[in-house]
Amino acid sequence: MTSDAWYDEQHRLTPDQLQTVSFPLTRWARQGYEEEPVRAFLSEVQAEMVRLINERASLWQEVQRLRRRILGTTNGNDAVLFGKDDAHIHAVRILSSAQRTADRYVADAQAYSGRLTEEARVRRDEIMGQAQQHADILLTEARTRARAAAVAAMDNEGLPPQTDQERRAVHAELAYLRTFSEVYRQHLKIYTEDVLRTIEDWEGKERAAARDIEVPPGAGIRGHDSPGIR
Amino acid sequence: MDIARLKSSFARVARHGDEVPLHFYSDLFLKHPETRGMFPVSMQAQRAHLVAALVTIVQSIDDQESLTAIAADLGRDHRKFGTLAEHYEAVGDSLVATFAYFCGDAWDAALETDWKAAYELIASVMVTAAREDEKHNPAYWTGTVVARERKAFDISVLTVQPQPRLDYVPGQSVAIESPARPRLWRYYSMANAPRANGSLEFHIRLTDGGAVSMALTTHAVSGTELRIGPPVGNLRLDPAPGREILMVAGSTGLAPLKAMVEQLATIAQPPAVHLFFGARAADGLYDLPGLEKFAAEHRWLTVVPVVSNGRSPGLTGSLTDTVMRSGTWSAHDAYIAGPTEMVQDSAARLAAAGMPAAQIHVEDFGWSEQ
């Protein structure tokens, strides 16, 4: 089968027929058209038809060329392209490309979710690091003070406060240390609670984000439906 | 059956890479639209599974015994997806059509007959194994979450009550599907030896962007019903008289090893066990208090925590380096579980240090995983 066989097989009007067509003359010449203008018009129609046919042939060839490219075959036999199987293979290709799109959507969504959790992890590490540093500073300070107090106590061992003034000074120091430890305990507590709140806040956001990208079970691509993201 | 020709035609088809499974699934879904619902939206991982299974099958196509074993496993494993006998015919048709398409001119009637015969053989083993399995086991177990405890920032321990009772060997894993992420199955190891009440413990680490781990660490509240596949995996205790044990656990790779340690506690005279438990940072040593308590009650167990970054309650450095530095292990039995890279690295270095291959046991999900 050649590429332009599709119009030859049927009895259709051709430019050649226009060229050679003849009409029976009317009995009284004055009731017929003048032959020359009719001929001239027909020749215009003929030229137009030739142009159309050429255009169609070249479009047809273009269609064939593109189809061959899509099917990835250099097989010149056009008949192969018209089997029932080829319609199926064409459908397989369309579905495959839709599947690839769906895969890409899911991969993108997963990458996005991955970035979110990674960021959260990094920020959490930062905050925990800072908290750890803070706690370290507080502890060191408290330890230094405790050591100083212990040293002071040892220095005074066996020598009870001699005067009221000295006794008052020791009491004042003790009161200071108690207050100090109380204040810092409060400080540390508030700080820890704040960190916990921040983490809970993130958790809430993470859950909300997870809900947002949720699609009811059963949703997804079937045939050519647009892909859903889960 | 011309096996050489089957193999060479498969090699020819395989050259087209991902196009092959893509074509196969599109062909199947067009001819049998009802099968689409059995798969997740993204088919990327699924295609890799299919290719891996095909490669394994074709490689062992002339080894009747291992082929039968593979196909039987595959048949049993497919029950949890709701695979029915009639699906096998549909899959066979699409598979042969796909091979024919990619073989091009090399395809002929003889090859088609051979491929059909090969497929029918494998499918019949799969169907028979699935039918036999039906007599003893459900297609999947329903696992009700009874507790979820967050042990670290990104690690949760899930206690699940399966129905009916699920029998397994410590070291094995199961595929889990969460109702929040239907049709996505991920493998997790049981982290406990079988208990009288049948409950199972899983250690779930939230992987960045991991759909199932996120569902299990945030959505799986008490009462959530998970689907659980049959136990799989070849990692199991194989103690030899007089041989001590080295265990290397990276992060949640601890799970299967902890199940084995619990199992050892039930035998009369357990061998000495050296368990290295590694994590990136100290808070990743999520189960350390429990392990240390267990070690205090069982003198044969020594737990060594290893942290690669920052402060450590034990040793500091890369897990593998630390293990290699800490002793001469070639006369030990080694059990290694954790991130793939760490497992492979540890196994290779133990082997290089003179440990016989038969004494190195690593977590191996086989072809059906990942």
Side-chain angles (χ1 to χ4, degrees), chain A residues 71-73 75 85 88-121 124-125 128-129 132 199 202-204 206-207 209-211 213-225 227-230, chain B residues 16 18-31 33-47 94 97-98 100-102 104-105 150 152-154 178-184 206-215 217-219 221 280-283 309-311:
Chain A
L71 296 182
T73 162
N75 189 342
D85 286 353
H88 174 71
I89 298 247
H90 200 61
V92 165
R93 278 173 183 277
I94 291 172
L95 186 54
S96 296
S97 129
Q99 182 62 58
R100 281 242 159 99
T101 310
D103 293 351
R104 212 166 38 240
Y105 275 124
V106 174
D108 286 352
Q110 244 164 32
Y112 178 68
S113 142
R115 275 199 305 280
L116 279 186
T117 35
E118 203 189 320
E119 270 167 34
R121 195 188 302 272
R124 174 255 179 199
D125 283 351
M128 292 307 275
Q132 187 71 54
I199 290 173
W202 279 347
E203 272 179 5
E206 180 193 274
R207 268 194 214 106
R211 261 198 308 278
I213 57 167
E214 199 85 19
V215 169
I221 48 158
R222 279 169 206 273
H224 297 252
D225 288 355
I229 299 176
R230 275 194 280 145
Chain B
H16 294 270
D18 192 45
E19 290 292 323
V20 180
L22 191 64
H23 187 104
F24 163 77
Y25 283 115
S26 297
D27 188 276
L28 178 68
F29 298 156
L30 280 168
K31 288 174 180 162
E34 73 281 3
T35 56
R36 182 61 181 94
M38 300 170 75
F39 296 91
V41 174
S42 171
M43 293 290 291
Q44 217 161 6
Q46 189 61 38
R47 290 198 294 273
S94 288
T98 302
Y101 178 80
F102 286 102
D105 294 342
R150 175 178 281 196
F153 169 63
D154 53 356
S178 151
R181 293 287 181 275
R183 293 181 288 282
L184 288 178
L206 178 68
T207 49
D208 291 349
V212 177
S213 66
M214 170 122 41
T217 46
T218 57
H219 296 252
V221 292
R280 203 169 56 88
D283 61 353
N309 288 315
R311 286 174 210 210

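Bear in mind the structure is a predicted one, so any value in this text is a computation, not a measurement. Here is how names work: the chains are called A, B, and so on, in the same order as the sequence lines, proteins then strands, and each is numbered from 1.
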- Item | Over 12 foreign heavy atoms within 6.0 Å of NE2, B:H16 | yes
- Query: Are B:D18 and A:R100 close enough that some pair of their side-chain heavy atoms sits under 4.5 Å apart?
  - Reply: yes
- Query: Is there side-chain contact between A:V106 and B:Q44, with at least one heavy-atom pair below 4.5 Å?
  - Reply: no
Once you round to the nearest 0.5 Å, how far does [atom1] of [X] lie from [atom2] of [Y]?
X	Y	atom1	atom2	value
A:T117	B:M214	OG1	CE	5.5 Å
A:L95	B:R36	CG	CZ	8.0 Å
B:N309	A:D125	CG	CG	10.0 Å

- Message: Assess whether a salt bridge exists between B:D283 and A:R124, defined as any Lys/Arg side-chain N lying under 4.0 Å from an Asp/Glu carboxylate O.
- Response: yes
- Side chain, backbone, both or neither of A:R121 within contact of chain B (heavy atoms, under 4.5 Å): both
- What part of A:A111 is in contact with chain B, defined as an atom under 4.5 angstrom from a non-hydrogen atom: side chain, backbone, both or neither? neither
- Where the side chain of A:Q99 meets the backbone of B:V41, is there a donor-acceptor pair that is under 3.5 Å apart? yes
- Mind listing the closest non-hydrogen atom pair of B:L30 and A:V92 along with its distance? CD1-N, 3.4 Å
- Query: Can you list the residues that meet the side chain to side chain donor-acceptor pair (under 3.5 Å) rule with A:E119, with sequence neighbours excluded?
  - Reply: none
